[in-house]
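Each remark here refers to the structure printed beneath this line.
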Amino acid sequence: MVAERVDQSWGSEGSWASAELLGADFGDRRLNARAEQLLEQLGAKPSLSIPAACGGWAETQGAYRFLANEKVSWEKILEPHGEATRQRLRAHPVVLAIQDTTELDFGGKKDIAGLGPLSYAAQRGMYVHPTLLVTPERVSLGVWDAWMWARDADHHGRSQERRHWPIEAKESMRWVEGYERVNELAATEPDTQLIYIADRESDIYEVFEATDRAAAQGRHAEFLIRAVHDRVLLDEQAKLKAHLAAASALGTVTFHLPRAPGRPERLVTQTLRATRGTLKAPRRTGQPLAPVTVTAVLAEEQHPPAGTEPLRWLLLTSLAVETREQVLEVINYYLARWEIELFFRVLKGGCQVEALQLEALSRLEPALALYMIVAWRVLYLMRLGRQCPELPCDAVFEDAEWRAVYLVTQHRQPPTQPPPLADLLAMVARLGGHLGRKGDGPPGAKTLWIGLQRIRDFVLVLEAQQIVARE
């Protein structure tokens with residue numbers, strides 16, 4: 001059960017921010033304290049600006065000084081959170097390491113030094129490429145690793161030139177290095193199977209080859225990648241898709257495809273096939289690559305709605321897949337990849353990071369690291385409330401927080417024993433606009449992040465009332 005593997009240190013031993021930044025070292029105790037305070041403030045009001053979240057001019061100046069300090073970096077901020085993530089990982093036999101990239105568009109702002117072009121040359125912004133650790137039940141455990149970068153001003157003018165660069169000089173290297181970082185984690189956690197999951201942009205042969213290199217050095221993570229290339233099989237000298245199409249069907253899988261821009265939610269049924277083979281290595285100038293053996297899984301929608309393209313996934317994995325149960329497990333792992341899309345939605349839509357007003361990329365990056373921890377916490381609470389509804393809410397909420405929420409929403413004194421997490425999250429979501437009607441379903445990320453940012457105000461009011469009463 002997920003509930004038996006939940007880190008319950010937040011409510012019992014201190015704030016969630018202190019738990020996520022435990023051991024942070026910026027070379028100055030005042031900076032360490034400021035980091036914790038700022039994370040707490042941004043988490044309490046994630047969709048507000050930094051001045052509004054800090055609540056005062058002195059606190060705002062302190063936040064800006066922290067982000068501008070040369071001792072502060074996004075790596076140092078994520079390091080203690082990564083260690084907290086590792087501790088949560090150890091309670092689970094299987095953990096999915098999901099990677100993807102999102103672009104942050106700052107609307108052509110020219111007053112932020114260090115930004116670069118995005119998909120279009122006129123856009124100004126940067127890229128973020130995190131590794132989100134998630135359980136198969138889709139409970140987010142934390143951000144383990146990340147890349148942040150801005151492109152050179154002449155990026156679009158050098159597109160032909162970049163085709164001849166070695167992969168080490170390309171942005172594509174983030175996928176290879178990201179997988180290698182997951183392999184490093186797997187080597188230190190023998191009781192947890194790590195599975196690296198990424199979408200089509202990561203279909204890079206060097207990622208597959210990294211598995212063999214890691215295996216030769218010790219324990220490694222498995223991979224599960226959606227393919228974009230129809231690769232050649234070494235022995236059969238045939239293309240992978242044709243070889244798969246001839247394989248016997250292992251069964252079907254049915255699931256709800258989430259709504260996306262221009263695409264309504266619908267029920268999808270896919271036919272499943274799998275085969276194992278050795279891929280012929282592509283040619284690389286001055287860098288010979290070795291053949292790699294993989295399992296290919298084809299999940300293909302047979303009867304899509306009229307006028308709709310069938311949903312078709314070609315997945316490559318290092319996992320052994322021979323039975324219907326195994327292929328269903330692989331599909332379930334891949335479906336969990338959508339959690340990182342939700343993470344980006346919370347980061348951009350909930351935390352409003354594209355509205356940050358900071359002077360330089362060097363200040364923007366540590367702010368983004370803090371907001372990534374905030375976005376993770378929103379997802380963690382949402383999924384935990386669904387997977388562990390009976391878990392006492394003080395496992396993840398401070399005593400003052402859950403009592404304030406209860407008092408405001410229920411209009412009566414809080415009980416002696418903390419209510420179940422699902423009940424308290426329903427109260428928090430009600431503060432964010434969730435009506436809680438029978439057909440509404442469980443609270444989503446949006447209503448939670450709106451509700452969460454109201455909690456701190458209620459706590460402050462109650463604390464002020466207690467001070468007045470004592471006087």
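No experiment lies behind these values; they were computed from the predicted model shown.
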Trace of the ring pair (Phe, Tyr, Trp, His ring centres under 6.0 Å) decision for W376 with H81:
CA-CA 10 Å; W376 158 74; H81 170 67; 5.1 Å; yes
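- The closest side-chain donor-acceptor pair between Q99 and W175, if any, does not fall under 3.5 angstrom.
- Side-chain atoms of I225 and V207, non-hydrogen and from C-beta on, do get closer than 4.5 Å to each other.
- For the residue pair E222 and S318, a side-chain donor N or O sits within less than 3.5 Å of a side-chain acceptor on the partner.
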Step-by-step salt bridge (Lys or Arg N to Asp or Glu O under 4.0 Å) determination, E20 to R377:
CA-CA 10 Å; E20 294 310 308; R377 183 181 181 239; over 6 Å; no
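- Within the 4.5 Å cutoff, the side chain of I50 has heavy atoms near those of the L67 side chain.
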Yes or no on side chain to side chain contact (heavy atoms under 4.5 Å, CB included) for L185 and L89, after CA distance, side-chain angles and deciding distance?
CA-CA 10 Å; L185 178 61; L89 168 149; 3.8 Å; yes
Name the atoms and distances for all side-chain donor-acceptor pairs under 3.5 Å in residues 361-372, with sequence neighbours left out.
residue, atom, partner, partner atom, Å
R363, NH1, E359, OE1, 3.2

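- Counting only distance, with no hydrogens or angles, the side chain of Y64 and the backbone of E59 share no donor-acceptor pair below 3.5 Å.
- Side-chain polar atoms of T135 and R383 form no donor-acceptor pair below 3.5 angstrom.
- For the residue pair S119/E103, the side-chain donor-acceptor check at 3.5 Å is satisfied.
- Side chain of D394 to backbone of P418: no donor-acceptor contact under 3.5 angstrom is found.
- Within 6.0 Å of the CD atom in E70, the count of heavy atoms belonging to other residues, nucleotides or ligands does not exceed 12.
- Looking at R90 and D191, their side chains never come closer than 4.5 Å, going by heavy atoms from C-beta outward.
- Y334 is linked by a side-chain hydrogen bond (donor to acceptor under 3.5 Å, both in side chains) to D199, counting only residues two or more places apart in sequence or in another chain.
- Ring-plane geometry between F255 and W313 is classed as parallel, the angle between the planes falling under 30 degrees on a 0 to 90 degree scale with a further cut at 60.
- Salt bridge present: D203 and R231 bring a charged side-chain N and a carboxylate O closer than 4.0 Å.
- In this structure the side chain of R181 never reaches within 4.5 angstrom of the side chain of T131, judged on heavy atoms.
- Side-chain atoms of R174 and Y127 include no donor-acceptor pair closer than 3.5 Å.
- In this pair, F223 and F208 present their aromatic rings tilted. The plane angle is within the 30 to 60° band.
- Between the side chains of Y205 and E209, not a single donor N or O lies within less than 3.5 Å of an accepting N or O.
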